[in-house]
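Below is one structure, written out as structure tokens, with a few remarks after it.
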2 protein chains.
Amino acid sequence: MAETRKQVKRSVADGQDEANRRQALIRASARLFREKGFEATTVRDIAGAVGMRSGSPFYHFSNKQEILKAVMEEGLRQGLDRTEEALKAATTPQERFRAMVRTHYGILHDEGSEFIAVLLYDWRSLPDEHKQDIIAVKDRYDLLWQACLQEMLSLGLLGANSDHDKAAADDVKTARLMIMGAINFTVTWYKQHTGRGAMDLDALSDRTVRFFMREAP
Amino acid sequence: MAETRKQVKRSVADGQDEANRRQALIRASARLFREKGFEATTVRDIAGAVGMRSGSPFYHFSNKQEILKAVMEEGLRQGLDRTEEALKAATTPQERFRAMVRTHYGILHDEGSEFIAVLLYDWRSLPDEHKQDIIAVKDRYDLLWQACLQEMLSLGLLGANSDHDKAAADDVKTARLMIMGAINFTVTWYKQHTGRGAMDLDALSDRTVRFFMREAP
DNA sequence: CCTACCGATCGGTAGG
DNA sequence: CCTACCGATCGGTAGG
């Protein structure tokens, strides 16, 4: 009986260790993929980054593509969590819009948060049979944006249609694609530096919100 | 003397053929890079696409990276030409803005025009020593946008600062980064199809212009 | 531009 | 998770 309990404890701990090692591989992979791309990153790079030998990642993942999928899933999971958390503190449509913009910038540019940038950069490398799984989660995130922008458009606080009471579904989708495009594209040019004259994520968010948002009519 | 003339003629023709083969390699590479990425495209893929054997592209380019650079240069050259041409027909700031948006969409999505999409997707794969050359040409293109948006902002036809006579340089840059980001990001989601319900590049341009442009105050 | 080839490297596996 | 390894493929070259 004591024996049994001990064994159970041991295997729970092992399971934790294993999950930790898996997480370490995902984090290291995200950083490497973000830096030089999925195709240019070797399994040896990944293994080396967490102190393993070249064959060992395959104890945790059945192939390289599964690592890519795990990176993207981790990013979306974290992104949804952070966004829902940020929305709790926002009460007005304008505050919600600002919160979503700022949170998305964090998701894209915070240190240790390279998962979504990898999703954007290396989508082509994800095997077709995995794409639907990722899209399903991404759809949930897009819905949060859709609700936020629907609200903004209806109030005339955004882009076209400020003179209509109801924003058409197409307009909401266009607004989402344009705004998220603008924000996502910062992965190609925004660099966080600490020197003077640097623009931090708060400043970038301010500029973005100011550019897209209209005064209430 | 006749001999000499003939030889000159011949070598001119050869030079043409060689240039043609080089162009064919650039076009085929652009299509392949756009489809599956620079790293995932092999020299054998490229050679096969123009009916060559695997070693032959190296008669035209000293290595694979030089092909990538040539693809990007070709795209910027074509992009500048098309934009300057389109601007000739536009007389008002609004017309110029619309012309630049529509032309950029053409550059990104027209069939046989995959060069700039490759620049956006595979920038990381370009060796550092080539980046400055490409940036120098890209700067010329950005300047055309900068002038166009400066004009729009000063007239209060765009985003923030509609109540100021002079748009600050930072505002122009922000507007450019946001608008070009939104447009460039369409490479990740826009698909041209011919069926009903499809949005062609004219419709996409309309939506884009309408979303970003304000009524004159 | 082809033929023939090479050294290096890659993703992945067997067996412990 | 390591050791030891493999088949396949890759970018690139020599010689014509």
Side-chain angles (χ1 to χ4, degrees), chain A residues 10-30 32-33 35-72 118 122 124-130, chain B residues 10-30 32-33 35-72 118 122 124-130:
Chain A
R10 166 81 72 89
S11 50
V12 166
D14 284 358
Q16 262 306 335
D17 283 356
E18 209 172 300
N20 286 342
R21 296 304 283 157
R22 191 186 144 97
Q23 269 297 115
L25 283 168
I26 293 173
R27 276 198 304 269
S29 298
L32 288 163
F33 293 165
E35 192 186 321
K36 46 186 186 174
F38 173 77
E39 301 287 350
T41 301
T42 70
V43 174
R44 281 162 177 81
D45 292 334
I46 296 169
V50 298
M52 287 179 183
R53 298 309 184 92
S54 72
S56 302
F58 295 107
Y59 173 76
H60 297 274
F61 298 92
S62 53
N63 54 52
K64 196 186 167 193
Q65 285 78 22
E66 296 279 354
I67 305 181
L68 180 61
K69 188 188 180 188
V71 166
M72 295 180 178
V118 171
D122 285 321
R124 276 182 309 195
S125 300
L126 189 69
D128 284 336
E129 65 261 36
H130 292 331
Chain B
R10 166 81 72 92
S11 50
V12 167
D14 283 358
Q16 264 304 337
D17 284 356
E18 208 172 299
N20 286 341
R21 296 306 282 157
R22 191 187 144 95
Q23 270 297 116
L25 282 167
I26 293 173
R27 276 197 304 271
S29 298
L32 288 164
F33 293 165
E35 193 186 321
K36 46 184 185 175
F38 173 76
E39 301 287 350
T41 302
T42 69
V43 173
R44 282 164 176 81
D45 292 334
I46 296 169
V50 299
M52 287 179 183
R53 297 311 183 91
S54 73
S56 301
F58 295 106
Y59 173 75
H60 298 274
F61 298 92
S62 55
N63 54 51
K64 198 187 166 192
Q65 284 79 22
E66 296 279 354
I67 306 181
L68 179 61
K69 188 187 181 190
V71 166
M72 294 179 177
V118 171
D122 285 321
R124 276 182 309 195
S125 300
L126 189 68
D128 284 336
E129 65 260 37
H130 292 329

Sugar-phosphate, base or nothing in reach of A:Arg21, heavy atoms under 4.0 Å: sugar-phosphate

Heavy-atom pair of closest approach, residues A:Glu35 and B:Arg124: O-CD, 3.5 Å

Under 3.5 Å: donor-acceptor pair, side chain of B:Asp122, backbone of B:Ser125: no

Length of the line joining B:Lys64:NZ and D:dT13:C1', which is rounded to integer Å: 17 Å

Nearest-angstrom distance from the residue atom CG of B:Asn20 to P of C:dC1: 10 Å

Check: B:Lys64 side chain, B:Thr41 main-chain N or O, donor-acceptor pair, under 3.5 Å: yes

Where A:Pro57 and A:Met52 come nearest, the two heavy atoms and their spacing: N-SD, 4.1 Å

Opposite nucleotide pairing with D:dA8, Watson-Crick or G-U, both atom distances under 3.5 Å: C:dT9

pair B:Glu18-B:His60: side-chain heavy atoms closer than 4.5 Å: yes

Between D:dT9 (C1') and A:Glu39 (CD): distance, integer Å: 13 Å

A:Asp17 CG - D:dC1 C1' separation (whole Å): 12 Å

Selection: residues 47-58 of chain B, any non-hydrogen atom under 4.0 Å of DNA chain C: B:Gly51, B:Met52, B:Arg53, B:Ser56

Length of the CZ-P vector between B:Arg44 and D:dT13, whole Å: 13 Å

Electrostatic pair B:Arg22:B:Asp17 at N-O distance under 4.0 angstrom: no

d(OH, B:Tyr59; C1', D:dG16) in whole Å: 14 Å

Side chains of B:Phe33 and B:Asp45 in contact at under 4.5 Å (non-hydrogen atoms): no

Rounded distance (Å) that lies between atom P of D:dT13 and atom CZ of B:Phe61: 15 Å

Pair partner, C:dT3 [Watson-Crick or wobble, under 3.5 Å]: D:dA14

Nearest listed nucleotide, side chain of A:Thr42, among D:dG12, C:dG11, C:dC1: C:dG11

Atom-pair distance (CG on B:Leu68; C1' on D:dG11), nearest Å: 15 Å

